Number of protein chains: 2
Amino acid sequence: MQERQALAAFAALSQETRLRILRLLVVAGPEGLAAGLIADQAGVSASNVSFHIKELERAGLVASRRESRSILYSVDFGALNGLVRFLMEDCCAGQIGLCVDAEETVVCDTRMIDQQGGGQTAER
Amino acid sequence: MQERQALAAFAALSQETRLRILRLLVVAGPEGLAAGLIADQAGVSASNVSFHIKELERAGLVASRRESRSILYSVDFGALNGLVRFLMEDCCAGQIGLCVDAEETVVCDTRMIDQQGGGQTAER
DNA sequence: TGCATATTTCTACAATCCTAAAAGTGTCGA
DNA sequence: TCGACACTTTTAGGATTGTAGAAATATGCA
């Protein structure tokens with residue numbers, strides 16, 4: 001994932017309504033959800049949903065397709081995956097051993113295994 | 001990590017200068033970096049660095065300590081780790097098998113293994 | 001076509017970002 | 001201790017961007 005896209009994705013996720021919408025869409029799965037339903041479930045006005053969905057689309061996190069009267073929006077899971085990877089790799093600038101805690105979540109990428117010898121845990 | 005903190009963290013990372021600063025700090029490691037050095041290396045004015053650092057601190061991603069005349073800033077790796085986890089768990093709303101691709105990065109948390117049977121990859 | 005539903009554009013307001021200048025804050029030597 | 005210096009933060013300003021609700025537009029079915 002390019003830095004440019006990651007910046008847009010972070011911006012998209014930094015807004016409460018958008019985060020809520022994204023979660024709804026994740027739960028909905030590849031099938032997606034109509035804008036009206038999103039508005040209902042998120043407790044937000046339709047125009048507001050439209051605005052935020054557009055932002056999520058611009059960030060590449062959400063895709064849309066028309067189905068009869070409704071437009072169904074769904075998460076681009078590839079993009080979401082890319083963002084996780086960006087955060088772990090690019091953003092952590094190769095210090096993944098420091099960034100990603102090995103306690104519960106053990107990440108088994110070769111690059112990470114190389115750095116996991118120390119078994120370092122993050123300091124709080 | 002609480003949603004509130006995650007929102008602040010995403011907002012902090014959604015700005016080019018702040019992302020650059022965070023990367024510098026990650027590379028610098030626990031030792032940290034003085035504000036002046038950050039300004040030089042990031043190619044940003046001192047006041048601007050101060051402004052953005054404060055934002056990173058507010059988001060809980062960066063800590064500071066005084067050392068003689070300088071103030072050294074360092075990444076809170078625990079918080080960064082928490083953000084990665086938030087993105088993978090809370091944000092992905094339990095659909096980790098969909099969100100986190102199993103191709104290169106295999107995540108070996110029990111919760112994830114449970115969901116990895118399908119070996120589903122994201123659709124683009 | 002005409003109506004009901006679904007979505008987008010418009011508008012006003014608030015928040016963010018950056019530069020330059022001024023004000024702190026702490027350290028060191030006389 | 002006091003003043004000078006180095007380093008960082010705060011403030012003020014103006015331009016840009018983000019937000020929410022009102023109004024307008026588009027779509028599909030009878």
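On a predicted model such as this, the values are computed, not experimentally measured, just so you know. As a basis for the values below, the full set of heavy atoms in this structure was taken, side chains included, without hydrogen atoms, waters or symmetry mates.
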Counting heavy atoms from C-beta on, name the nucleotide in [options] closest to the side chain of [X].
{"X": "B:Arg18", "options": "C:dT27, C:dC17, D:dG28", "result": "C:dC17"}
{"X": "A:Ser68", "options": "C:dC17, C:dT19, D:dC29", "result": "D:dC29"}
{"X": "A:Arg66", "options": "D:dT10, D:dG28, D:dA20", "result": "D:dG28"}
{"X": "A:Arg58", "options": "D:dG18, C:dT27, C:dC18", "result": "D:dG18"}
{"X": "B:Asn48", "options": "D:dC5, D:dT19, C:dT19", "result": "C:dT19"}
{"X": "B:Ala34", "options": "D:dT8, D:dT10, D:dT19", "result": "D:dT8"}

What's the [atom1]-[atom2] distance between [X] and [N], to the nearest Å?
{"X": "B:Glu67", "N": "C:dT27", "atom1": "CD", "atom2": "P", "answer": "11 Å"}
{"X": "A:Glu55", "N": "C:dT9", "atom1": "CD", "atom2": "P", "answer": "14 Å"}
{"X": "B:Phe51", "N": "C:dC18", "atom1": "CZ", "atom2": "P", "answer": "7 Å"}

Please determine whether a side-chain nitrogen or oxygen atom of A:Tyr73 lies at a distance below 4.0 Å from atom OP1 or OP2 of C:dA6.
no
For the backbone of A:Ala11 and the side chain of A:Arg18, can you confirm whether one donor and one acceptor N or O come within less than 3.5 Å of each other?
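Yes; at least one donor-acceptor contact below 3.5 Å.
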Which residue, A:Ile53 or A:Arg69, contacts DNA chain C at a nucleotide closer to its 5' end, judged by nearest heavy atom?
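First, find each residue's nearest nucleotide; the 5'-ward one identifies A:Arg69.
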Inspect the surroundings of CZ in A:Arg65 and state if more than 12 heavy atoms from other residues, nucleotides or ligands are less than 6.0 Å away.
yes
Do B:Phe86 and B:Gln2 have side-chain heavy atoms sitting under 4.5 Å apart?
no
Validation row: A:Asp76, A:Leu61 side chains within 4.5 angstrom (heavy atoms):
no
Within the 4.0 Å heavy-atom criterion, would you say [X] contacts the bases, only the backbone, or no part of the nucleic acid?
{"X": "A:Ser70", "value": "sugar-phosphate"}
{"X": "B:Ala46", "value": "base"}
{"X": "B:Ser47", "value": "base"}
{"X": "A:Ser50", "value": "base"}

Per the atom types in the model, does the base of C:dA20 pair as donor or acceptor with the side chain of B:Ser45 at under 3.5 Å?
no
